[in-house]
Amino acid sequence: MTPGEVDEVALKLLHTADWHLGKRFSQFDEPDRITLSRARLDVVDAILAAADRNGADAVLCAGDLFEDPSPDRQWWEPLAKKLSATASRRPVFLL
């Protein structure tokens, strides 16, 4: 590099937080509760697709992935599969 030249290095992150997978939505009837709870998991697909569309180098989720500190298998297992499938394209950091 010659003097005065700027070496531009940029890291493009997609930042997200507060997924609250497993939220119960007790104020709704049972069918609507199930629909709303499942929709939260579907949003993860939309987040990962947005990272693809925008050329993100990494995805950063800053906490509250699950509603409960010990989530049921029905919540963490599908999330683990989704994140494993995207691991080859970019890292996903979960705080």
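Numbering of residues begins at 1 and proceeds along the displayed sequence.
- Hydrophobic clustering (side-chain heavy atoms under 4.5 Å, transitive across Ile, Leu, Val, Met, Phe, Trp, Tyr) groups Val43 together with Leu48.
- Distance CZ/Phe25 to CZ/Arg33: 11.0 Å, rounded to 0.5 Å.
- Taking the charged nitrogens against the carboxylate oxygens, Asp57 and Arg90 have no contact shorter than 4.0 Å, which rules out a salt bridge.
- At a threshold of 4.5 Å between non-hydrogen side-chain atoms, the residues Leu14 and Leu60 do not count as touching.
- For the atom pair Thr86 OG1 and Asp45 CG, the distance stands at 10.0 Å (nearest 0.5 Å).
- A distance of 12.0 Å separates CG of Asp72 from CD of Glu67, quoted to the nearest 0.5 Å.
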### Message
Would Asp64 and Trp19 count as a side-chain contact (heavy atoms from CB on, under 4.5 Å) here? Give the steps.
### Response
CA-CA 6 Å; Asp64 290 338; Trp19 295 351; over 6 Å; no
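- Annotation: side chain of Phe93 is not in contact with side chain of Cys61 (no heavy-atom distance under 4.5 Å).
- Atoms CZ and CG, on Phe66 and Leu94 in that order, are 8.5 Å from each other to the nearest 0.5 Å.
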### Worked check of side-chain contact (heavy atoms from CB on, under 4.5 Å) between Leu79 and Val44
CA-CA 8 Å; Leu79 178 61; Val44 175; 3.9 Å; yes
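- In this structure, the separation between NZ on Lys23 and CG on Asp68 is 10.5 Å, given to the nearest 0.5 Å.
- Here the closest non-hydrogen pair linking Ala17 and Ala62 is CB-O, 3.8 Å.
- Geometric assessment of Arg38 against the ring of Trp75 yields a positive cation-pi assignment under the 6.0 Å and 45° thresholds.
- Put simply, the side chain of Asn54 gets close to the backbone of Ala50: a donor and an acceptor are under 3.5 Å apart.
- Considering only heavy atoms from C-beta on, Leu41 comes within 4.5 Å of Leu21 through its side chain.
- Note that CZ of Arg40 and OG1 of Thr35 are 13.5 Å apart. Values are rounded to the nearest 0.5 Å.
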